[in-house]
**Q** 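This is the structure I have questions about; it appears just below.
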Amino acid sequence: MSEHRAGPGTRTGLLSGEGGLAGPRALAESLDAEVEGDLDGCLAAFARGVPVAVHNPGGYVVDRFVRAGTAERVEGASWNVVISDLTGDAGLPGDVGLTGGTGDERTVRLVPRGLVLGIGASSGVAAGTASAALAGLDELLGPRPRAVRAVATVDRRAREPGLRAALREYFLARGVDGEPPLRGYAPEVLSAVPVVSPSVSARSALGTAGVAEAAALRAASEVGDGGPRLVLPKAVVSGVTLAVARIPAPASC
């Protein structure tokens, strides 16, 4: 019989009933997460002793809320809590849907604000060009990119009016309350961040091997308490470079 262990960044387990930190609402609050689904119903079932499975494909640090459980007990739980900051997260049971909502009346989705969007663009980038590139994120982040906690780039691009206008429109058009802060870093700061896909042109123009990846990773390391990792290595869309990093342990935890 296989065992799902509740170790650091556990991916699957059962909601713990031990101590004052127990319960789906406490888990949501610890992640500063937006909730989709019937949280009150899940809380009531949990209070009655109904097993609640936790699915955490992103590896958020929730170990104080989750205990180990056999595969059969996890998969047979009456309620599911899915911690998901991306659309179409892998590694979830087949009956736990994410696209277009929770997919089941006994599934609650928690959307943590644990992503940082990194952007690289040329000098004088037009708002329309940046907007076209940002629209390409919808497949990854969904129609409401609520999980984005911050946006990051090199300092001189953070002052570009076209990029700033595009970001403002991107979040406003998707119903996000409050535009995430835009962080700008000096090239020498970004040059100290190892990147997966170094850029010859970025090194020539700015003295750093990358902007989007490096800025996303640098900002994520400042915002969170754990080591960040890329969930979207750099992708060039309409001449604008995008990358997304995840913060395994948001600062609010």
Side-chain angles (χ1 to χ4, degrees), residues 1-99 101-116 142 144 146-149 220-221 223-229 231 245-253:
M1 186 176 291
S2 61
E3 182 81 7
H4 289 250
R5 301 189 181 279
T10 184
R11 304 304 174 100
T12 313
L14 293 170
L15 198 62
S16 174
E18 302 171 359
L21 294 174
R25 190 179 302 282
L27 175 58
E29 290 174 354
S30 78
L31 293 168
D32 188 25
E34 186 167 323
V35 178
E36 293 179 358
D38 185 7
L39 182 64
D40 289 338
C42 183
L43 183 61
F46 178 74
R48 296 195 305 270
V50 173
V52 177
V54 178
H55 308 279
N56 180 26
Y60 278 92
V61 179
V62 296
D63 311 305
R64 57 182 175 161
F65 298 95
V66 181
R67 61 182 171 84
T70 62
E72 290 80 4
R73 187 160 173 76
V74 169
E75 292 167 5
S78 300
W79 281 80
N80 291 282
V81 173
V82 178
I83 303 168
S84 169
D85 51 25
L86 301 175
T87 61
D89 269 318
L92 298 175
D95 59 348
V96 178
L98 294 179
T99 303
T102 56
D104 185 274
E105 63 180 8
R106 292 195 173 188
T107 296
V108 174
R109 180 185 179 191
L110 305 182
V111 185
R113 293 177 61 244
L115 300 179
V116 175
R144 292 187 63 199
R146 298 155 294 177
V148 177
R149 194 181 184 100
S221 69
V223 172
D225 297 330
R229 65 183 181 87
V231 295
R246 176 183 281 137
I247 312 158
S252 58
C253 288

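We use all heavy atoms of the structure for the numbers below, so side chains are in, but hydrogens, waters and symmetry mates are not. Along the sequence shown, residues are numbered consecutively beginning with 1.
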**Q** Can you name the salt bridge (Lys or Arg N to Asp or Glu O under 4.0 Å) partners of D40, sequence neighbours left out?
**A** R25

**Q** Closest approach of L15 and R67, non-hydrogen atoms and distance?
**A** O-NE, 4.0 Å

**Q** Is there a side-chain contact between Y60 and D85 (heavy atoms, below 4.5 Å)?
**A** yes

**Q** Find out whether L27 and S30 are in side-chain contact, i.e. whether some heavy atom of one side chain is under 4.5 Å from a heavy atom of the other.
**A** yes

**Q** What pair of heavy atoms forms the shortest contact from A45 to W79, and how long is it?
**A** CB-NE1, 3.4 Å

**Q** Could you tell me which non-hydrogen atom of R113 sits nearest to which non-hydrogen atom of R146, and how far apart they are?
**A** CG-O, 3.4 Å

**Q** Taking the side chain as C-beta and beyond, is there a heavy-atom pair between V52 and P24 under 4.5 Å?
**A** no

**Q** Quick one: salt bridge (Lys or Arg N to Asp or Glu O under 4.0 Å) partners of R144, sequence neighbours excluded?
**A** E34

**Q** Ignoring hydrogens, what is the shortest heavy-atom contact between R73 and P51? Give both atom names and the distance.
**A** NH2-CB, 4.1 Å

**Q** What pair of heavy atoms forms the shortest contact from G37 to V108, and how long is it?
**A** C-CG2, 4.4 Å

**Q** Distance-only, no hydrogens or angles: does the R149 side chain make a donor-acceptor pair with backbone N or O of L115 under 3.5 Å?
**A** no

**Q** Looking at N80, T107, T12, which one forms a side-chain hydrogen bond (donor to acceptor under 3.5 Å, both in side chains) with H55?
**A** N80

**Q** Which pair of heavy atoms, one from P112 and one from S84, lies closest together, and at what distance?
**A** CD-O, 3.9 Å

**Q** May I ask you to test the V35-L110 pair for a side-chain heavy-atom distance under 4.5 Å?
**A** yes

